[in-house]
Amino acid sequence: MDAEPVGEEARRGLRGSGVLRFAAFAVGIAATFWLLGELRSVLQPLVLSILIWFLLGAVARLFARFADGPEAAPGRMAYAASALSFAALATGLVFMLSDSIADLRANLPTYRENVVAMLGPLAETAGVERLPRLTELTEDVDIGSVVLGVLGSLAGSVGNLVIIACFVFFLFAEAQCFGGKLDALVRDSERRARIATLLSEMSLKVETYLGVKCLLGAVQAVPTFVVLWAVGVQSPVVWAVLIFFLSFIPTLGSLIGIALPAILALIQFTSPVPFLLTLALLAPVQLLASNWMEPRLMGQSLNLSPLAIFIAIFLGGAVWGVVGALVSVPALTMAVIACAQAEATRPAAILLSRDGHVVA
C-alpha cells in the first residue's frame, strides 16, 4: 500500500532534480555569454591565437611531409618555416589592403552618385512621387559601410598583432612542455597513453579542418580576384580577402561572396553587363568550392547541423561582432570534435551533428 506514495515521491524528486539541472545549465550558458562579452578584448586575441596556432601546425605538417615523407611529424624547422610563411603572407596582405581600402573609400561618393542615377529612372517608372527625398536618403547611405565595417572589425582584431604573436609563441612553448606535465599529472601509463592519443587525434582533426578551410578559401578568393580584376571592378584585393574570410561561414558566406562583388560591379558601372558577367563567373567558383569540393575534402570533419551553424553564427556575431561570426563555426567544429571523444559528452556531439554520426 505504501509503494505507490513512495514511487510518486521519487518521481517528483526526479522531476525536481531535472528542473534544477536545466536551470543550472541555463544559468551556466547565460553566464558564459556574459563573460564572453565582458572579456571580449582579452578573449578575442586568445581565440585568434589558438586558431592561428592550429593553422601553423597544419602548414608545418605539410612542410614535414613534403620534406621527410607522408608520415613525418613536424619539427622545429617545419614550424619555423610555417611561421615565416604566415608572417610574410600577412605582411603582404596588410600593405595591399591598406591601399585598396583607401581607394574604395575615396570612390564612395562616386558610388552614391551612381546609385542615385540608377534609382531615379526606376522611381519614375514605378510612379514614385517625391523623388528628391529618395535622392537625399540615398546620398546619406554609405554604400561601402558593410564592407568597410567588416574589414574594420577584422583589422581591429588583427591590430593586436603583437599580443597575438606572443600568445602563439607561448602556446608553442607550452605544447613542448605539456608532455612532462601530463606525466606528472597522470601516473597510470595506460591512461596517460590514452589521453595523449586522444589529444593528438583532436589536434590533428582540428588542424586538418582549418587547413582544408584555408585551402577552400584560397580556391574561392584567388579566382574572385582574377574575375574582378579582369572585369575592372575596383579594389579586387579587398573583395578577395573578404571572401576568403567569408568562406569560413558555410553557405551564407558563399552567397554573400557572390552577391556583394556583383552589386559593386553594378554600382560602379551602372550597367547590367558587368553585373551579369561578374555574377556568371563568380557563382560557379563559389558554389563549386562550397557544395562540391568542401564535402569531398572535409568528409566527416564538418558534419554539423545547419541549425547549430546558424545559431552559432548568430550568437557569435551578437557577442563578438564580425570576428565572432567568423570564428563561431571553427569553434563549433572544435567543440564537436572534442565532445565526440568522450562518452559523457558524446550526446552533445550527436545533437550538434547533421545526421547523428560522429567519429570518435
Side-chain angles (χ1 to χ4, degrees), residues 41-99 151 153-182 196 199-222 225 237 240-248 297-298 301 320 323 326-327 329-331 333-334 337-338:
S41 60
V42 176
L43 293 179
Q44 269 194 3
L46 177 59
V47 171
L48 290 174
S49 302
I50 293 174
L51 293 178
I52 292 173
W53 177 60
F54 277 116
L55 180 59
L56 291 177
V59 176
R61 198 174 299 277
L62 289 177
F63 282 142
R65 290 176 178 177
F66 179 78
D68 302 322
E71 301 298 329
R76 292 185 178 180
M77 292 298 295
Y79 280 112
S82 175
L84 289 175
S85 301
F86 188 85
L89 179 61
T91 303
L93 286 177
V94 166
F95 282 111
M96 289 189 292
L97 278 175
S98 60
D99 294 336
L151 294 172
S153 179
L154 291 172
S157 299
V158 180
N160 301 317
L161 288 177
V162 176
I163 298 176
I164 293 175
C166 290
F167 272 133
V168 172
F169 174 79
F170 285 112
L171 283 172
F172 277 116
E174 185 67 21
Q176 300 297 321
C177 305
F178 184 75
K181 294 182 180 181
L182 183 61
L199 293 176
S200 177
E201 291 177 355
M202 288 174 56
S203 177
L204 180 59
K205 289 181 179 180
V206 173
E207 288 178 6
T208 302
Y209 165 75
L210 290 176
V212 171
K213 289 299 293 183
C214 287
L215 175 62
L216 292 171
V219 167
Q220 296 178 63
V222 172
F225 171 81
V237 175
V241 173
L242 183 62
I243 286 172
F244 175 84
F245 286 108
L246 287 174
S247 67
F248 283 84
L297 292 177
M298 285 293 183
S301 298
W320 282 2
V323 175
L326 291 176
V327 304
V329 178
T333 302
M334 294 168 63
I337 292 173

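The two residues F244 and A221 come nearest to each other via the heavy atoms CB-CB, 4.0 Å. Residue Y79 comes nearest to A60 through the heavy atom pair CD2-CB, 3.6 Å, listed as atom of the first residue, atom of the second, then distance. For S247 against G217, the heavy-atom pair with the smallest separation is OG-CA, 3.3 Å. The heavy-atom pair separating F225 from A240 by the smallest distance is CB-CB, 3.9 Å.
Residue L51 holds its CG atom at 11.0 Å from CG of L56, rounded to the nearest 0.5 Å. Rounding to the nearest 0.5 angstrom, the gap separating the CH2 atom in W53 from the CG atom in L46 is 11.5 Å. Remark: F245 CZ to K213 NZ distance equals 13.0 Å, nearest 0.5 Å. Separation of atoms CZ (F169) and OG (S49) is listed at 13.5 Å; rounding is to 0.5 Å.
Within the 4.5 Å cutoff, the side chain of F167 has no heavy atoms near those of the L48 side chain.
No donor-acceptor distance shorter than 3.5 angstrom exists from the side chain of S82 to the backbone of A78, with no hydrogens or angles considered.
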Pair I52-F86, side chain to side chain contact (heavy atoms under 4.5 Å, CB included): steps then yes or no: CA-CA 9 Å; I52 292 173; F86 188 85; 4.1 Å; yes

